[in-house]
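Let me begin by presenting the structure, written as structure tokens, before commenting on it.
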Amino acid sequence: MVSTLDGQRAQAGPATHDVTNQAPPLTPYDASEDTALLQGLRREGAGWAEEDLRRLGRQAGSAQAQEWADLANRHEPELRTHDRYGHRVDEVEFHPSWHHLMRTAIAEGLAGSPWADDRPGAHVARTAGGLVWGHTEAGHGCPTSMTYAAVPALRRQPELAKVYEPLLTSREYDPELRVPTEKPGLLAGMGMTEKQGGSDVRTNTTAATPTAEPGMYTLRGHKWFTSAPMCDVFLVLAQAPGGLSCFLVPRVLPDGTRNTFRIQRLKDKLGNRSNASSEPEFDGTVAWLVGPEGQGVKTIIEMVNCTRLDCVMMSAALMRKSLVEAGHHARHRSAFGARLVDQPLMRNVLADLALESEAATTLTLRLAGAADRAVRGDEGEAAFRRIATAVGKYWVTKRGPAFTAEALECLGGNGYVEDSGMPRHYREAPLLSIWEGSGNVNALDVLRALSREPGTVEALFTEFALARGADARLDAAVTRLRNRLSEASQTTARRLVEEMALTLQASLLVRHAPPAVADAFCATRLGGDWGHAFGTLPEGTGLDTILERALPGGD
């Protein structure tokens with residue numbers, strides 16, 4: 001028998017809490033379902049890794065991995081300076097989800113393992129893995145990146161490399177602080193910047209005093225920004241009698257005692273909340289010299305080159321993840337009688353974002369290919385890598401904040417709430433332009449390469465020549481760029497590097513992307529037929545082709 005109340009409810013219509021016109025959860029999805037990524041993987045010599053990459057992509061897009069990412073950021077690391085008895089321990093405690101993410105990343109070869117892999121393309125495979133696993137969360141990419149980057153710097157001291165390299169290239173994750181040589185695998189960090197100098201590392205005041213034991217020093221000083229203080233070993237810059245030098249600092253000494261590594265505080269950062277960044281203080285801290293005295297910058301520069309590539313990689317991964325989120329929402333949300341993805345202006349926005357994302361991904365993999373071939377002795381690729389990595393670091397990381405803001409806007413108010421994950425992406429984006437040298441530092445580094453290493457100019461224009469004659473706008477951009485080189489100055493450095501980046505991205509897309517993608521990129525980024533915001537592609541752009549290529553599962 002239907003009660004009077006039930007009848008009144010039926011007449012009143014649906015319950016007020018019924019939810020309609022909302023996108024379903026994106027998960028599970030395949031983060032490797034990216035045509036530009038897979039084509040770049042094969043093209044740069046790592047096609048043999050495709051099966052593993054696809055498996056990792058499914059894991060990255062799983063509900064479990066996405067939950068790990070969310071929890072690792074909601075439950076931030078906590079500093080514990082002392083134990084219950086008052087002894088100094090200087091440990092950082094993490095949520096279990098952080099360890100799940102780290103364990104997966106290390107096991108999948110996203111840290112130091114490519115240095116122990118003789119297969120051509122090993123470094124490309126790692127970068128592609130980072131582009132895919134980067135769909136989870138960015139914070140844990142810091143210690144994996146520094147571990148990867150530490151190996152070539154450490155090789156400047158073969159005796160130390162013999163001991164530590166097999167552990168830094170391991171695929172075993174062990175977060176416990178103990179004697180490094182007793183662990184199955186190690187993580188490495190670095191400490192360069194100090195509060196009086198920042199990027200001007202030559203002004204560092206941390207002092208290194210030699211001991212009676214050859215190669216061993218003690219350090220005294222205060223580092224201003226040292227990420228991942230839970231790592232096992234650190235490469236640190238300090239002033240030795242012979243000048244600024246590089247040192248290996250273990251958290252635990254060979255006899256099992258804790259090295260002096262007093263963590264004063266953890267940084268309260270805008271984004272990258274899952275990752276601990278600290279201010280450590282050294283006072284009688286034991287360290288071993290890496291490379292000759294006075295050559296600290298030269299020793300650690302290989303580490304910086306590697307971490308700069310990873311900044312490009314992580315920016316490209318963040319763009320791709322944000323685009324996937326925006327495209328998913330647009331396919332399932334309707335307004336004014338049609339799905340958002342079918343609305344012409346929204347299609348323009350998504351297609352414009354897709355162009356930017358593909359250009360970033362394609363450049364990232366080209367840089368990884370250059371790094372891989374440079375490691376194997378290709379001098380031309382080494383010269384290209386030298387200048388193109390700095391160019392890519394400047395530009396791709398600069399595009400990240402505007403890109404994530406536009407992708408967030410595609411979700412409207414839904415994108416502005418924390419549950420969507422988009423605010424986390426937005427907060428993360430500016431970091432990658434700041435770490436490993438801000439925009440100015442990278443732009444000036446390009447000028448330095450142009451003036452001191454003329455082979456880099458030749459390498460860059462040799463790359464451009466591979467697309468000569470394929471697009472008149474690209475040819476014109478190459479000519480303009482060559483003419484500008486004679487006018488290069490600090491004042492105009494940013495504009496010069498921007499033109500280098502856009503010309504390089506265009507040349508890669510002209511050679512490797514479908515005509516609709518290459519034409520749209522050249523028309524807008526080189527030809528000037530573009531506005532000042534995303535979504536201003538000109539009439540007649542092949543939006544359908546661009547979106548079909550870019551959005552997983554079709555539109």
Side-chain angles (χ1 to χ4, degrees), residues 110-117 122-124 126-127 130 142-169 186-193 199 201-202 204 226-228 231 233-238 243-249 287-313 364 367-393 435-437 441-442 445-446 448-449 452-453 455-456 459:
L110 305 187
S113 65
W115 299 106
D117 192 335
H123 296 268
V124 177
R126 175 193 172 268
T127 298
C142 178
T144 58
S145 177
M146 292 190 296
T147 302
Y148 169 69
V151 173
L154 193 61
R155 287 178 174 177
R156 300 269 293 180
Q157 200 71 35
E159 300 85 357
L160 292 176
K162 183 178 180 180
V163 174
Y164 291 101
E165 184 171 329
L167 299 171
L168 292 169
T169 59
L186 300 179
L187 295 174
M190 63 178 175
M192 294 192 292
T193 61
S199 295
V201 295
R202 294 187 184 277
N204 281 2
T226 298
S227 280
C231 289
V233 295
F234 292 81
L235 290 181
V236 172
L237 292 179
L244 188 66
S245 307
C246 181
F247 296 89
L248 180 75
V249 175
W288 280 267
L289 183 66
V290 180
E293 273 196 12
Q295 295 190 21
V297 173
K298 186 176 181 179
T299 299
I300 212 166
I301 196 66
E302 270 301 307
M303 189 174 194
V304 173
N305 284 335
C306 291
T307 49
R308 282 181 177 174
L309 170 58
D310 280 3
C311 285
V312 181
M313 173 192 76
T364 299
L367 296 176
D372 192 89
R373 291 183 281 275
V375 166
R376 301 173 198 285
D378 189 320
E379 293 183 3
E381 287 290 86
F384 174 79
R385 174 203 184 197
R386 167 67 182 92
I387 193 167
T389 300
V391 168
K393 166 64 168 70
W435 274 5
E436 304 313 331
V441 170
N442 278 269
D445 192 38
V446 172
R448 189 177 301 111
R452 299 181 183 178
E453 303 173 57
T456 60

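In this text, all values refer to a predicted model and were calculated from it rather than measured experimentally.
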Single hit among L237, N305, V290, L244 for side chain to side chain contact (heavy atoms under 4.5 Å, CB included) with I300: L237
With V151 as partner, the option from E165, M303, E302 fulfilling side chain to side chain contact (heavy atoms under 4.5 Å, CB included) is E165
[X] and [Y]: which non-hydrogen atoms are nearest, and at how many Å?
| X | Y | answer |
| --- | --- | --- |
| M313 | G130 | SD-CA, 3.7 Å |
| A383 | G455 | CB-O, 3.8 Å |
| L235 | A153 | CD1-CB, 3.7 Å |
| P166 | A161 | CD-O, 3.7 Å |
| P143 | A228 | CB-CB, 4.0 Å |
| T364 | L309 | O-CD1, 4.1 Å |

Just wondering, do [Y] and [X] contact through their side chains at under 4.5 Å, heavy atoms?
| X | Y | value |
| --- | --- | --- |
| V249 | V233 | no |
| S145 | C306 | no |
| Q295 | I301 | no |
| R156 | C246 | no |

How many angstroms lie between [atom1] in [X] and [atom2] in [Y], if you round to the nearest 0.5 Å?
| X | Y | atom1 | atom2 | result |
| --- | --- | --- | --- | --- |
| F234 | M192 | CZ | CE | 13.0 Å |
| R386 | R448 | CZ | CZ | 7.0 Å |
| L187 | T144 | CG | OG1 | 8.5 Å |
| Y148 | S113 | OH | OG | 9.5 Å |
| W115 | R155 | CH2 | CZ | 6.0 Å |
| N442 | K393 | CG | NZ | 4.5 Å |

Should the pair D372-R126 be classified as a salt bridge under the 4.0 Å nitrogen-to-oxygen rule? no
Ion pair K298/E293, N-O distance below 4.0 Å: no
Is there a side chain to side chain contact (heavy atoms under 4.5 Å, CB included) between L186 and T147 once you walk through the steps? CA-CA 8 Å; L186 300 179; T147 302; over 6 Å; no
Can you check whether [Y]'s main-chain N or O pairs, donor with acceptor, with [X]'s side chain at less than 3.5 Å?
| X | Y | answer |
| --- | --- | --- |
| S245 | G296 | no |
| D378 | E381 | yes |
| T456 | E453 | yes |
| E436 | V304 | no |

Is the count of non-hydrogen atoms from other residues, nucleotides or ligands lying under 6.0 Å from E379 atom CD greater than 12? no
Walk me through it: do T307 and M190 pass the test side chain to side chain contact (heavy atoms under 4.5 Å, CB included)? CA-CA 11 Å; T307 49; M190 63 178 175; 4.2 Å; yes
